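Computed from a prediction, not measured in an experiment: that's the story for all the values here. A, B, ... follow the sequence lines: proteins, then strands. Residue 1 opens every chain.
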There are 2 protein chains.
Amino acid sequence: MRRDVFQAIADPTRREIINLIAFNPLNLNAIADNFEVSRPAISQHIKILIACGLINVKKQGRERYCEASLQQLNEVSIWIEKYRQLWEVKFNRLDDLLDKMKNDTPEQ
Amino acid sequence: MRRDVFQAIADPTRREIINLIAFNPLNLNAIADNFEVSRPAISQHIKILIACGLINVKKQGRERYCEASLQQLNEVSIWIEKYRQLWEVKFNRLDDLLDKMKNDTPEQ
DNA sequence: TATTTGCGTAAGCAAATGCTTACATATATA
DNA sequence: TATATATGTAAGCATTTGCTTACGCAAATA
């Protein structure tokens with residue numbers, strides 16, 4: 001069972017959950033109310049988000065408040081930023097442009 | 001068949017492929033040489049990366065040079081940056097710290 | 001022209017994923 | 001104390017994923 005941040009945020013429902021609680025913690029039922037899927041489905045998503053450290057849970061009586069704890073997103077950010085210079089260099093790459101024009105045969 | 005950038009970079013092999021060709025394009029066999037898995041497996045990963053625009057292919061004879069085209073990573077970057085202020089605010093959040101200390105009962 | 005090389009892709013398969021329903025348990029409330 | 005509420009989790013299931021082997025085809029080479 002792979003459980004890293006890249007995989008955690010690959011699922012759109014989990015991204016929505018993060019977005020939902022990013023700026024205000026909610027308990028599990030309140031989160032589930034925002035989705036079509038069942039409460040256990042959300043509970044399982046939350047479990048994954050907890051496992052990779054993207055959510056903290058605070059027990060308050062019988063409720064469990066989920067709050068975002070997004071430092072781990074930095075791992076993804078760092079991986080991406082390695083390449084930023086690469087895709088932002090749009091000038092002084094005339095060779096590339098020429099290459100493209102030369103090889104512009106329709107791919108199958 | 002979901003095919004977005006978040007899912008594309010969720011797979012560690014695909015991240016390695018991106019890293020491998022980020023700074024110098026390689027043909028498919030040359031890429032496959034760097035992995036334990038079979039050439040068709042890599043071919044399928046490449047297909048996914050092409051589908052979501054992270055790789056461009058340039059035919060040269062019978063070879064297909066794969067070059068990274070990572071602008072799409074910006075979508076992920078934007079999503080993450082929305083939350084950066086959140087996880088970087090480590091000061092003036094004394095209330096949080098206090099909360100944590102108060103509720104520091106071992107979670108089962 | 002015959003063979004080798006570089007690659008795509010289909011078929012099959014095991015494992016992972018995301019969901020459901022059903023149940024269990026702890027805490028609040030009547 | 002009996003019931004309602006908030007939640008976790010197991011079992012089952014369909015789909016997706018990542019891989020393999022087997023094959024096909026086009027381009028290079030002998």
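- Between the CG atom of B:L26 and the P atom of C:dG6 there is a distance of 13 Å, given to the nearest Å.
- Per the geometry, NZ belonging to B:K59 stands 8 Å off P belonging to D:dA27, to the nearest Å.
- Here the side chain of A:N74 pairs no donor or acceptor atom with the backbone of A:S77 at under 3.5 angstrom.
- For A:H45 and C:dT17, the shortest distance from a side-chain N or O to OP1 or OP2 is not below 4.0 Å.
- Within the 3.5 Å criterion, the main-chain N or O of B:Q7 finds no donor-acceptor partner in the side chain of B:D11.
- OP1 or OP2 of D:dT7 lies within a sub-4.0 Å distance of a side-chain N or O belonging to A:N29.
- Relative orientation of the A:Y83 and B:F23 rings is tilted, given thresholds of 30° and 60° on the angle between their planes.
- Atom CG of B:L73 and atom CD1 of B:I9 lie 6.0 Å apart (nearest 0.5 Å).
- When the nearest nucleotides of DNA chain C are assigned to A:S38 and B:P40 by heavy-atom distance, the more 5′-ward of the two goes with B:P40.
- The phosphate of C:dG8 has OP1 or OP2 within less than 4.0 Å of a side-chain N or O from B:S43.
- Per the geometry, CD belonging to A:E36 stands 15 Å off C1' belonging to C:dG18, to the nearest Å.
- In this entry the distance linking CG of A:L49 with P of C:dT17 reads 13 Å, nearest Å.
- Distance, A:I55 CD1 to D:dT7 P: 13 Å, rounded to whole Å.
- If B:E63 and A:V37 are placed on DNA chain C by their nearest nucleotide, the residue sitting closer to the 5' end is B:E63.
- Per the geometry, CD1 belonging to A:I46 stands 10 Å off P belonging to D:dT7, to the nearest Å.
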Which pairs, protein N/O on one side and nucleotides 23-30 of chain C N/O on the other, fall under 3.5 Å?
{"unit_1": "C:dT27", "atom_1": "O2", "unit_2": "A:R62", "atom_2": "NH1", "d": "3.3"}

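- Judged by atom type and distance alone, A:Q44 reaches the base of C:dT20 through a side-chain donor-acceptor pair under 3.5 Å.
- Phosphate contact (OP1/OP2 of D:dT9, side-chain N/O of A:K47, threshold under 4.0 Å): present.
- What separates CD1 of B:I31 from P of C:dG8 is a distance of 10 Å, to the nearest Å.
- Annotation for B:A22 and B:A68: closest pair CA-CB, 3.8 Å, computed over non-hydrogen atoms.
- Side-chain N or O atoms of A:R39 include none that pairs as donor or acceptor with a backbone N or O of A:A32 at under 3.5 Å.
- With 3.5 Å as the limit, one finds no donor-acceptor pair spanning the side chains of B:E67 and B:S69.
- Residue A:R64 places none of its side-chain N or O atoms closer than 4.0 Å to OP1 or OP2 of D:dA6.
- If one axis is set at each end of the helix from C:dT1-D:dA30 to C:dA30-D:dT1 from five pairs, those axes are 10° apart, to 10°.
- The separation between B:D11 atom CG and C:dA16 atom P is 13 Å, rounded to whole Å.
- No donor-acceptor distance shorter than 3.5 angstrom exists from the side chain of B:R14 to the backbone of B:H45, with no hydrogens or angles considered.
- Counting only heavy atoms from C-beta outward, the side chains of A:Y65 and A:N24 never approach each other to under 4.5 Å.
- Checked by atom type and distance alone, the side chain of A:R15 pairs as donor or acceptor with a backbone atom of A:A10 at under 3.5 Å.
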